[in-house]
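Report on the structure given below.
Here, residue 1 is the first one in the sequence, and each next residue gets the next number.
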Amino acid sequence: MLHQKATVSTSILVQELEDEIVILNLNNETYYRLDGTAARIWQLLGTCGSIDQVIEVMSQEYQVPTGDLQCDVETLTAELVQLDLLHLA
């Protein structure tokens, strides 16, 4: 999963608010809310080339070893894929 690139599903709407991200899945009309670290992971998934780059950037921003972040980033990414909000390539 580390070297895969995440792309946002075409069947969602995303709105960034002050301190959170709200996502609407148009297929099932379900809203999701990401805040804090999860919101930052979402932002980086949209701009970084791969999941391992997301981990690297977050490691620098939060001053946390990459090994500590890897499980959290991979878990959230897998959940977002399962919810059909992201696709991995």
Side-chain angles (χ1 to χ4, degrees):
M1 178 182 281
L2 281 177
H3 301 295
Q4 292 181 300
K5 180 170 175 45
T7 56
V8 174
S9 172
T10 58
S11 59
I12 66 169
L13 296 175
V14 179
Q15 181 66 48
E16 289 193 37
L17 304 173
E18 286 182 29
D19 58 351
E20 67 182 8
I21 295 173
V22 178
I23 304 167
L24 170 61
N25 184 328
L26 298 172
N27 291 330
N28 61 16
E29 298 180 353
T30 303
Y31 281 94
Y32 301 94
R33 184 179 66 87
L34 302 175
D35 60 4
T37 306
R40 184 62 180 141
I41 292 171
W42 176 270
Q43 290 169 334
L44 291 172
L45 285 170
T47 60
C48 289
S50 63
I51 293 169
D52 56 348
Q53 289 177 333
V54 170
I55 294 168
E56 185 63 37
V57 170
M58 289 193 70
S59 175
Q60 293 172 11
E61 288 181 2
Y62 291 91
Q63 299 179 346
V64 176
T66 56
D68 294 349
L69 290 169
Q70 182 174 342
C71 182
D72 294 337
V73 172
E74 287 182 341
T75 299
L76 178 63
T77 301
E79 290 174 10
L80 295 171
V81 168
Q82 184 176 10
L83 294 170
D84 198 31
L85 305 177
L86 287 178
H87 301 288
L88 296 179

Side-chain donor-acceptor distances from residues 66-76 under 3.5 Å, at least two apart:
residue: Q70; atom: NE2; partner: E74; partner atom: OE2; Å: 3.4
residue: T75; atom: OG1; partner: C71; partner atom: O; Å: 2.7

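- The side chain to side chain donor-acceptor pair (under 3.5 Å) test applied to D19 returns no partner, not counting sequence neighbours.
- Nearest heavy-atom pair, N27 versus N25, reported as atom, atom and distance to 0.1 Å: N-OD1, 2.8 Å.
- The side-chain contact (heavy atoms from CB on, under 4.5 Å) search around L26 returns L13, L24, not counting sequence neighbours.
- P65 approaches S59 most closely through the heavy-atom pair C-OG, 4.1 Å.
- To the nearest 0.5 angstrom, W42 atom CH2 is 6.0 Å from L80 atom CG.
- Residue L34 holds its CG atom at 10.0 Å from CD of E16, rounded to the nearest 0.5 Å.
- The side-chain contact (heavy atoms from CB on, under 4.5 Å) search around S9 returns S11, I12, D84, H87, not counting sequence neighbours.
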Given V8 and L86, is the side chain to side chain contact (heavy atoms under 4.5 Å, CB included) satisfied, shown in steps?
CA-CA 5 Å; V8 174; L86 287 178; 4.2 Å; yes
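- Applying the side-chain contact (heavy atoms from CB on, under 4.5 Å) test to E20 and every residue at least two apart in sequence or in another chain returns L17, V22, R33, D35.
- To the nearest 0.5 Å, atoms CG (L83) and OH (Y32) are separated by 4.5 Å.
- The distance from atom CD1 of I51 to atom NZ of K5, rounded to the nearest 0.5 Å, is 10.0 Å.
- Interatomic distance, OG1 of T77 versus CG of L45, reported as 4.5 Å (0.5 Å rounding).
- The salt bridge (Lys or Arg N to Asp or Glu O under 4.0 Å) contacts involving residues 37-54 comprise R40-E61, where partners must be two or more places apart or lie in separate chains.
- Here the CD atom belonging to Q53 is positioned 9.0 Å from the OG1 atom belonging to T47, to the nearest 0.5 angstrom.
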